[in-house]
There are 2 protein chains.
Amino acid sequence: MGKGEETRQAILDQAIALASEVGVSGLSIGALADKAGMSKSGLFAHFGSKEEMQLAVLRRSQERFAEYVFKPALKERRGLPRLRALMTNWLNWTEKARLPGACPLNSAANEFDDQPGAVRDAVAAGLAEGRRMLGNAVRLAVEAGDLRADTDIEQFVFELVGIELVAMQSQRLFRDKQAIPRALDAFERLVRDHQPSRKE
Amino acid sequence: MGKGEETRQAILDQAIALASEVGVSGLSIGALADKAGMSKSGLFAHFGSKEEMQLAVLRRSQERFAEYVFKPALKERRGLPRLRALMTNWLNWTEKARLPGACPLNSAANEFDDQPGAVRDAVAAGLAEGRRMLGNAVRLAVEAGDLRADTDIEQFVFELVGIELVAMQSQRLFRDKQAIPRALDAFERLVRDHQPSRKE
DNA sequence: ACAGAATACGAACGTTCGTGCTAAAAAGTC
DNA sequence: GACTTTTTAGCACGAACGTTCGTATTCTGT
């Protein structure tokens, strides 16, 4: 890895941290350059445009997300244990990744949902992939017999995402210490509702 | 109502619409002045500072929210019917209010959760009040015997908010037509889980 | 109709925005 | 160690940002 790629990665690490506080659209080249300890134009040269920088930040965020949420969950047994691990990793990942603020992907989802363009597309694709992988974990839980066979997987994922979103709002906006416990309670209720009947 | 107050209200109506597309922090005085058909300085004089304008927009959004979500729900019988009305009104209110984008309060919640200051405080207070009123409706449903007496009201509201948030993300980011039906399904499942036993 | 107040405008402020251009410094290659 | 390529800094640009100020216009009460 040449010097260029090295500093590029360092920039992106700072960028993720900054974006988690001010959002992806609030990420300005000048402020990021200051934080990274280099000149505006020097930093700019790595990306060529602000939009390209935003896309790079999103890609990097997604990598980190996979690293902190999906990868460790693979150690758990397919089915409910893995699904539960996914959920708890998801609820804690920004903290584990030492981000000072919110999940950049989620912030960007709110900022760009009405701004057509490449950034919006990337955000949508990123979150869609997250839902897809979550759906896969749910499907495995069904196949393992941990959830009822007639479970509506998309609906299940839909509700999981809702639990995550409200937990983040409660935690970040209201500083509610009970946010994660409440989210886990909601998760367990959801699972209980889809428990296979005993005789199966 | 003098001329001043009149145009001030007109400005705020435009501001809510614009904020629903670009967010409350993305709301710039110049762009709003263009949209309102007046000069930057003329508009600015109505508020004295950008922050004051943002606070006015939030207050106005909250009024509109109450008008479209809470007020019509009062026509329904206390208990489950009113709660259901609240939920459907909530899921559709931006459309009913003819906002071109998302709920400004929700956007602001994401933008300001890491930006200490008066705006953040106002957003938190606004959403907290929303949760409180929702909690009140849940409590009435418990008292009416529509929900189990041991219902954890805060937890119930928590899950309602989650349903709303994921519905908005699905609708706005993914243009998912099934978002509202899925949200209503989730709501009915939540209600079913808290149904009083038959013999009571 | 007229005086006084309220409201709106245009111009300009200093700053920051994203983005080029050019030259210096650093890194990689032989 | 010289040469080439890559990386960084410096400077400037036009535009937009929030804000101030002085002046013009429009409203309001009498």
Side-chain angles (χ1 to χ4, degrees), chain A residues 1-16 18-19 21-58 60 104 107-108 111-112 114-120 122, chain B residues 1-16 18-19 21-58 60 104 107-108 111-112 114-120 122:
Chain A
M1 180 161 68
K3 176 81 197 312
E5 193 58 26
E6 194 174 317
T7 59
R8 192 188 144 102
Q9 298 302 332
I11 291 171
L12 286 177
D13 283 341
Q14 302 277 13
I16 293 180
L18 192 50
E21 291 186 285
V22 300
V24 173
S25 64
L27 231 185
S28 82
I29 310 245
L32 181 54
D34 274 2
K35 189 169 171 126
M38 60 188 300
S39 72
K40 234 176 30 154
S41 54
L43 186 147
F44 183 84
H46 280 275
F47 304 99
S49 76
K50 180 176 186 178
E51 191 177 62
E52 208 52 58
M53 182 194 78
Q54 291 175 322
L55 293 172
V57 170
L58 290 176
R60 186 86 169 154
S107 304
E111 295 164 351
F112 290 94
D114 282 303
Q115 315 293 328
V119 179
R120 200 204 109 102
Chain B
M1 180 162 68
K3 176 81 198 314
E5 193 58 26
E6 194 174 317
T7 57
R8 193 189 143 101
Q9 298 302 330
I11 291 171
L12 285 177
D13 284 341
Q14 302 277 14
I16 293 182
L18 192 49
E21 290 185 286
V22 300
V24 173
S25 65
L27 230 186
S28 83
I29 310 242
L32 181 54
D34 274 2
K35 188 169 172 125
M38 60 187 300
S39 71
K40 239 182 13 159
S41 53
L43 186 147
F44 183 85
H46 280 276
F47 304 99
S49 76
K50 179 176 185 178
E51 190 177 62
E52 208 52 57
M53 180 194 78
Q54 292 175 321
L55 293 172
V57 170
L58 290 176
R60 185 90 170 153
S107 303
E111 295 164 351
F112 289 94
D114 282 304
Q115 314 293 328
V119 180
R120 200 204 110 102

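In what follows, every heavy atom counts, from backbone to side chain, and hydrogens, waters and symmetry copies are set aside. Chain letters run A, B, ... following the sequence lines, proteins first, then strands; residues in each count from 1.
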- Task: Determine the minimum heavy-atom distance between A/Ala108 and A/Leu58, stating which atoms define it.
- Result: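 The pair with the smallest heavy-atom distance is CB-CD2, 4.0 Å.
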- Query: Closest approach of A/Val22 and A/Glu111, non-hydrogen atoms and distance?
  - Reply: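 Taking A/Val22 first and A/Glu111 second, the nearest heavy atoms are O-OE2, 4.1 Å.
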- Query: Can you name the residues that form a side-chain contact (heavy atoms from CB on, under 4.5 Å) with A/Ser49, not counting sequence neighbours?
  - Reply: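 For A/Ser49 the side-chain contact (heavy atoms from CB on, under 4.5 Å) partners, ignoring immediate neighbours, are A/Glu51, A/Glu52.
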- For B/Ala10, what residues pass the side-chain contact (heavy atoms from CB on, under 4.5 Å) criterion, not counting sequence neighbours?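 Applying side-chain contact (heavy atoms from CB on, under 4.5 Å) to B/Ala10 gives none.
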- Does the side chain of B/Thr7 get closer than 4.0 angstrom to OP1 or OP2 of C/dT7 through an N or O atom?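 The answer is no; no side-chain N or O of B/Thr7 sits under 4.0 Å from OP1 or OP2.
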- Item | Nucleic acid contacts of residues 31-46 of chain A, taken as heavy-atom distances under 4.0 Å to DNA chain C |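 A/Lys40, A/Ser41, A/Phe44 - these, ordered by number, are the residues of the stretch whose heavy atoms sit under 4.0 Å from the strand.
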If I take atom [atom1] in residue [X] and atom [atom2] in nucleotide [N], what distance separates them, rounded to the nearest angstrom?
X	N	atom1	atom2	answer
B/Phe47	D/dT20	CZ	P	15 Å
A/Glu6	D/dT8	CD	C1'	15 Å
A/Leu55	C/dG18	CG	P	15 Å
A/Leu27	C/dG18	CG	P	9 Å
B/Lys50	D/dA16	NZ	C1'	11 Å

- Message: Using the side-chain hydrogen bond (donor to acceptor under 3.5 Å, both in side chains) criterion, which residues pair with B/Gln54? Sequence neighbours excluded.
- Response: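 Counting only residues at least two positions away or on another chain, B/Gln54 forms no side-chain hydrogen bond (donor to acceptor under 3.5 Å, both in side chains).
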- Item | Qualifying residues under side-chain hydrogen bond (donor to acceptor under 3.5 Å, both in side chains), relative to B/Arg60, sequence neighbours excluded |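 So B/Arg60 forms a side-chain hydrogen bond (donor to acceptor under 3.5 Å, both in side chains) with B/Gln9, B/Asp13.
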Exercise answer: donor-acceptor pairs, residues 34-48 of chain B side-chain atoms, under 3.5 Å, sequence neighbours excluded:
{"from": "B/Ser39", "atom 1": "OG", "to": "B/Gly42", "atom 2": "N", "distance (Å)": "3.0"}
{"from": "B/His46", "atom 1": "NE2", "to": "B/Thr7", "atom 2": "OG1", "distance (Å)": "3.4"}

- Item | End axis versus end axis in the helix from C/dA1-D/dT30 to C/dA23-D/dT8, the angle rounded to 10°, five pairs used at each terminus |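 Roughly 20°, once rounded to the nearest ten degrees.
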- Query: Do A/Leu55 and A/Val119 come within less than 4.5 Å of each other through their side chains, counting heavy atoms only?
  - Reply: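 Yes, at least one pair of side-chain atoms sits under 4.5 Å.
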